[in-house]
Amino acid sequence: MLKWQPAKTSSAKRANKQLQLGDELDLEITDLNSKGEGVGKHMRQVLFVPGTWLGEHVRVRIVELKKSYVQAELVSILQASDSRRDVPCPYHGVTEKTCGGCPWMFIDYAAQIHAKQRRVEELCSRLDLDYPGAVQPSIQELAYRNRAQLKASADAVGFVAARSDQIVDVERCSVLSDHNNALLAKIREQDLGIGRRRKTWVTIDIADEVDFEHISFNQRLPFRQGNTAQNQEMLGWLTRVLGGLGSEQVVELFAGSGNLTQALVASGVDDITAVEVVPEALDALRQRLPSAKTFAHDLFDKTKLSDLVSLSIGADLLLLDPPRDGFALLGQLVSQLPSLKSIIYISCDLASFERDVASLRELFELRELQPLDMYPQTPHVELLSLWMRKT
């Protein structure tokens, strides 16, 4: 097989070349960014290229110039990765006319897991942490999503395109569960009465636990993990860890509607304080688990940190599962809780996890780190971590 060779251009000429919009060049993909885009370098400039993979050699075109990086689009593949596959979805792509929900669907699942493992190990290396366990793959790489938010306009029902605010009309989604695809089909048969105004959207939340008569329009459902089987894996890990801690008083932040709280209750914890930002989620938690004490609190407001400290005084375990932005106040909170013996931090974003746990290192040490693949076909990685107070 012919190997890719760089274009024969003098080093002096290349060094003086400043990239401009519309320029084309050959590039080797040497990394992946947090969005799952391929990363390459041209002299000192970093380029991001959607739809490319590690080790590939590609022809790209410059589409946007930023201060710290250059955005490019794929023109052609000069040497493809052995992990490329036929995409199991007719809507997949990286253009303004294709769905951007599953950016890694063009790569086989084993390679996706390997890339996620690499990302987590690189994070551990930066933080000087022991390497984690192997990424727990999903039982299903397709048809796993138990919920989704559809967008509907006068012309389409589906998902937002990869690089625009246009809606891609989708008849069936490869990652949605059978129940949700049946809901999608029924919704497509309805007259939603949207009208012909440009960029008028209706959002439609669908879920495995919701029948057609109770679909939410323009009203987001309370958060729930989108992969039922992987959520059970996460709850199993949490139950095992709780069994070894013997915690008596637990504060749970970002408790949502009680997904992790149920493991606390099942593990026999008597004193549970569940704190959540969204009041509607707390209402669901109260109905589901009435034994837990619940508080609505703005966890992102640093001026209210003293109130959170007061709620948490006396706790020996802190459990948190924040959204993608993480919990920047973690270090300040923990430093004011002397009775705290352990922390279980579940994260859905490597960057915010890296920032937050850096503030723990003085008082706590990592005992366990388990990565889990909650969302196949995406660069998303869930991190399950246990931290113990240093003695």
Working to the nearest 0.5 Å, report the span between [atom1] of [X] and [atom2] of [Y].
| X | Y | atom1 | atom2 | answer |
| --- | --- | --- | --- | --- |
| Cys102 | Ile107 | SG | CD1 | 14.0 Å |
| Leu25 | Leu19 | CG | CG | 6.0 Å |
| Phe212 | Gln190 | CZ | CD | 3.5 Å |
| Gln166 | Thr95 | CD | OG1 | 11.5 Å |
| Ser257 | Gln287 | OG | CD | 11.0 Å |
| Arg288 | Gln262 | CZ | CD | 4.5 Å |

Crowded around [X] [atom1]? As in, over 12 foreign heavy atoms under 6.0 Å?
| X | atom1 | value |
| --- | --- | --- |
| Asp298 | CG | yes |
| Gln149 | CD | yes |
| Lys66 | NZ | no |

Do [X] and [Y] belong together in a cluster built from hydrophobic side chains that touch within less than 4.5 Å?
| X | Y | answer |
| --- | --- | --- |
| Val275 | Leu337 | yes |
| Phe223 | Met374 | no |
| Leu299 | Ile344 | no |
| Leu319 | Met388 | yes |
| Val75 | Ile29 | no |

Among side-chain atoms of Thr261 and Glu252, is any donor-acceptor pair under 3.5 angstrom?
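Looking only at side-chain atoms, Glu252 and Thr261 do form a donor-acceptor pair, the distance falling under 3.5 Å.
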
Whether the Asp208 and Asn180 side chains hold a donor-acceptor pair (N or O, under 3.5 Å, no angle test) is what I'd like checked.
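Asn180 and Asp208 do have a side-chain donor-acceptor pair below 3.5 Å.
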
What is the minimum heavy-atom distance between [X] and [Y], and which atoms define it?
| X | Y | result |
| --- | --- | --- |
| Ser68 | Val46 | O-CB, 4.3 Å |
| Gly51 | Val94 | N-CG1, 3.8 Å |
| Pro50 | Ala72 | CD-O, 3.3 Å |
| Ile204 | Ala152 | CD1-CB, 3.9 Å |
| Arg84 | Leu74 | NH2-CD2, 4.4 Å |
| Ser342 | Leu386 | CB-CD1, 4.4 Å |

A side-chain contact here means heavy atoms from C-beta on lying under 4.5 Å apart; do [X] and [Y] qualify?
| X | Y | answer |
| --- | --- | --- |
| Lys151 | Thr203 | yes |
| Lys97 | Val168 | no |
| Ile206 | Leu176 | yes |
| Leu264 | Leu238 | no |
| Glu233 | Leu372 | yes |
| Leu330 | Leu253 | no |
| Ser174 | Met105 | yes |
| Val120 | Leu350 | yes |

Where the side chain of [X] meets the backbone of [Y], is there a donor-acceptor pair that is under 3.5 Å apart?
| X | Y | result |
| --- | --- | --- |
| Glu382 | Ile346 | no |
| Gln249 | Asp271 | no |
| Asn259 | Arg224 | no |
| Gln370 | Ala134 | yes |
| Ser267 | Val269 | no |
| Asn218 | Val202 | no |
| Asn33 | Val39 | no |
| Ser125 | Glu121 | no |
| Gln219 | Ser216 | no |
| His179 | Glu209 | no |

Going by the angle between their ring planes, with limits at 30° and 60°, are Tyr375 and His380 parallel, tilted or perpendicular?
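Perpendicular.
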
Let me see the working for Leu245 and Lys341 under side-chain contact (heavy atoms from CB on, under 4.5 Å), right down to the final yes or no.
CA-CA 9 Å; Leu245 295 178; Lys341 298 177 182 176; over 6 Å; no

Please collect all salt bridge (Lys or Arg N to Asp or Glu O under 4.0 Å) contacts where either partner lies in [range], sequence neighbours excluded, each pair once.
| range | answer |
| --- | --- |
| residues 299-312 | none |
| residues 322-333 | Arg324-Asp349 |
| residues 359-371 | Arg240-Glu368, Glu365-Arg367 |

Candidate list Leu305, Leu320, Val251, test side chain to side chain contact (heavy atoms under 4.5 Å, CB included), partner Leu333, passing option:
Leu305

Using side-chain contact (heavy atoms from CB on, under 4.5 Å), reason through Leu329 and Leu308 one step at a time and then give a plain yes or no.
CA-CA 10 Å; Leu329 299 175; Leu308 186 58; over 6 Å; no

Tyr345 and ring-ring contact (aromatic ring centres under 6.0 Å, His included): which single residue from Trp387, Phe364, Phe353, Phe327 fits?
Phe353

side-chain contact (heavy atoms from CB on, under 4.5 Å) assessment of Gln136 paired with Leu384:
CA-CA 11 Å; Gln136 175 70 45; Leu384 320 178; over 6 Å; no

I'd like to know if Arg172 and Asp178 make a salt bridge, using a cut-off of under 4.0 Å between side-chain N and carboxylate O.
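Yes, Arg172 and Asp178 are salt-bridged.
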
